[in-house]
Amino acid sequence: MIWETLLANEVITHEQLSDALRWQRSHPDEDVGNILLSRGIINESQLLAAYAQRLDVALIEKDLVVKRPEVLKLVPESLARRYNIMPLDINNNKILIAISNPEDMSVVEDVKMSSRMDVSFVLSLKENVVGAIERYYKNVELFYREEQAEVQTINIVSTDTAKKMDEIESNVNNTPVVKLVNNLVQQAYVRQVSDIHIEPFENDVLVRMRIDGDLVEVMRLAPNALNSVISRIKILSGMNIAEKRIPQDGRFAFTNDEFKVDLRVSTIPTIYGEKCVMRLLNTGGENLLSFEQLGMTKENIARFDHMLSAPNGIILVTGPTGSGKSTTLYAVLNKLRKPTINITTIEDPVEKQMFGVNQVQVNSKAGMTFASGLRALLRQDPDVIMIGEIRDYETAEIAVRASITGHLVLSTLHTNDSVATIVRLIDMGVPPYLVSASVNAIIAQRLVKRLCPYCKRKRALEDSERALLEDNEIKDVFEPVGCPECNHMGYSGRIAIYEIVELDHQIRKMISSGAPVDEIRKVAAANGAEFLADNLRELVRKGVTSMDEYNRIIYTVS
């Protein structure tokens, strides 16, 4: 009985249970769980957690994600709405569904009849199931390249694009190509993909998507389809469709009733044809993350708050491409923005639109560079300036001058760690005395894959791994396994690790005198700075990530 589990978990008391059982005797059609739920003694999450424990299945309390879109064709929308269920995945000829009412298991037989497959299930909150039904079945036709499918139109951001449509019409079979490109973008958005890669080879065109930092193959196309697909993407991105010998860049916007996403597009010629990469830029400001959601420790959040209280100076975020620097900067802007402060950014491209923040797009062809835009900005009375990236001496010099004259400047640099950034600025040509006078803090970061909480498995730490961790207190670690919830990858999502070095009087003096990087790092450590390796080791200790991820990251941050 479900009430036994609720009682064992101390969710309800004996008195509450006795009262519910007395009511059930006079109302035999009602089960004890629903009686407790209707009286507000328990909530839906507590009830489903008890069912999950009793049935030994997973409970998904976050938004449901369809792993394989083809599963939607196996369970009709009418069946999903009748039982309030959501199909999620197919694996080994078994269909996985999410249900919100474990009391009615007749749904399993109906799904078996509909899909002609065995059925496994997880539990989910009713509102999450209803939301998933609305989200996926409303756009189900976008997942398939069928002639009868009605596909949302891709918005064209370039005025020249509309004119170019007529030029290519006779060469491109418009209907299937349009649907294919739409389907790729739709699937990429739903699967929370960062990049779509279209890669030509001798006998196949490989289409892969980057999920949590790893490329996953999603389909293969015939080689003769490549030119049509690339031409369609070029049209939308405002590129020259006749030029195939040189790299090109562009962008376009995909919009439907559910979401809007900008795509930054790059093509490059290879020996088998043009390769294309589309990066998804989720421009909605509603997706901004807090410092806690980024994965910062309480100590690092306190350091960040202290740094942001300074009225002027430079705060630099560093790391390789794809390490989450822009996401961190947007979190900082979100923290800083208020009606009394003028915040202006110069970006290439503008990745997220923020209300209350003046955002400027770099346009090198028109002469609008980081340096020229920054000069103009200083005449706009800003309090806070965010520069997408410091790439050269000219931009670095203006940023330094701006910070010294009373502005808080935020920017990024491509360096391996925080202290190495000091050397990078000096190599750019910024005098050491200006670096020490202007830079307030340097943040280095990386992205680490999270272990799936539903299937991760504990194991004993090996001696060789303990030596690598340099921590004798860690006895056990977790390793990836793979389950339907994580698409059998063993990982689900990513978390950032940070190293924050604030420049105090001692470090500034060392920079001005040309002290070696290692000495500066030792002083920073003595002042309480947490380095990337320390942050990464703590995630392994807590079971957030695995030794495989530790091995992958540690050699780039040591």
Side-chain angles (χ1 to χ4, degrees), residues 58-59 61-62 211-214 289-306 317-320 322-325 327-328 331 416-420 441-483 485-486 488-502 521-558:
L59 170 62
E61 297 190 72
K62 58 185 180 181
I211 304 173
D212 292 339
D214 292 332
L289 300 178
S290 65
F291 291 156
E292 291 83 359
Q293 291 171 315
L294 290 173
M296 283 191 193
T297 62
K298 291 181 179 179
E299 294 78 13
N300 280 340
I301 291 174
R303 289 190 182 96
F304 238 115
D305 290 339
H306 177 259
V317 182
T318 72
S323 59
K325 299 187 297 297
T327 303
T328 298
N416 284 334
D417 60 44
S418 54
V419 181
I442 304 168
I443 300 101
Q445 68 178 85
R446 297 289 190 281
L447 290 179
V448 180
K449 288 189 285 187
R450 290 177 184 263
L451 282 166
C452 174
Y454 298 100
C455 64
K456 65 181 182 181
R457 179 171 57 204
K458 183 183 286 189
R459 65 169 175 83
L461 189 66
E462 297 177 4
D463 291 339
S464 59
E465 294 173 328
R466 186 174 291 108
L468 185 63
L469 281 171
E470 299 178 349
D471 190 333
N472 293 325
E473 294 182 3
I474 301 177
K475 306 298 182 184
D476 300 302
V477 293
F478 286 84
E479 62 183 1
V481 178
C483 67
E485 179 63 22
C486 61
H488 305 282
M489 300 293 289
Y491 298 94
S492 180
R494 290 187 288 179
I495 185 173
I497 57 173
Y498 290 92
E499 118 180 352
I500 300 176
V501 173
E502 292 188 75
R521 188 177 284 110
K522 288 178 183 178
V523 171
N527 291 343
E530 287 185 5
F531 294 103
L532 289 169
D534 302 323
N535 208 174
L536 182 57
R537 190 179 299 110
E538 188 63 23
L539 293 184
V540 174
R541 180 201 302 274
K542 292 179 178 178
V544 176
T545 193
S546 66
M547 279 302 300
D548 289 341
E549 276 296 279
Y550 184 89
N551 292 335
R552 182 179 69 85
I553 298 290
I554 192 64
Y555 294 109
T556 70
V557 303
S558 299

Ignoring hydrogens and angles, tell me if any N or O in the side chain of [X] forms a donor-acceptor pair with the backbone of [Y] under 3.5 Å.
{"X": "Lys456", "Y": "Tyr491", "result": "no"}
{"X": "Thr545", "Y": "Lys449", "result": "yes"}
{"X": "Glu549", "Y": "Val448", "result": "no"}
{"X": "Glu530", "Y": "Asn535", "result": "no"}

Stepwise, does the side chain to side chain donor-acceptor pair (under 3.5 Å) test hold for Tyr454 with Ser492?
CA-CA 10 Å; Tyr454 298 100; Ser492 180; over 6 Å; no

Which pair of non-hydrogen atoms, one from [X] and one from [Y], has the smallest distance, and what is that distance?
{"X": "Val481", "Y": "Arg457", "result": "CG2-CB, 3.6 Å"}
{"X": "Asp476", "Y": "Ala460", "result": "OD1-CA, 3.6 Å"}
{"X": "Pro480", "Y": "Ser546", "result": "CD-CB, 4.0 Å"}
{"X": "Glu465", "Y": "Met547", "result": "CB-CE, 3.8 Å"}
{"X": "Gln445", "Y": "Ala496", "result": "NE2-CB, 4.4 Å"}

Measuring from atom [atom1] of [X] to atom [atom2] of [Y], what distance do you get when rounded to the nearest 0.5 angstrom?
{"X": "Leu294", "Y": "Ile497", "atom1": "CG", "atom2": "CD1", "value": "13.5 Å"}
{"X": "Asn551", "Y": "Leu536", "atom1": "CG", "atom2": "CG", "value": "9.5 Å"}
{"X": "Leu532", "Y": "Ile553", "atom1": "CG", "atom2": "CD1", "value": "9.0 Å"}

Return the set of residues passing salt bridge (charged side-chain N to carboxylate O under 4.0 Å, His left out) with Glu299 (not counting sequence neighbours), or none when no residue passes.
none

Kindly write out the residues that satisfy side-chain hydrogen bond (donor to acceptor under 3.5 Å, both in side chains) with Ser418, not counting sequence neighbours, or none if the list is empty.
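In terms of side-chain hydrogen bond (donor to acceptor under 3.5 Å, both in side chains), with neighbours along the sequence ignored, Ser418 is linked to Glu499.
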
Identify each donor-acceptor pair in which a side-chain atom of residues 467-474 lies under 3.5 Å from a protein atom, sequence neighbours left out, and give them as a table.
unit_1: Asp471; atom_1: OD1; unit_2: Glu473; atom_2: N; d: 2.9
unit_1: Asp471; atom_1: OD2; unit_2: Arg541; atom_2: NH2; d: 2.6

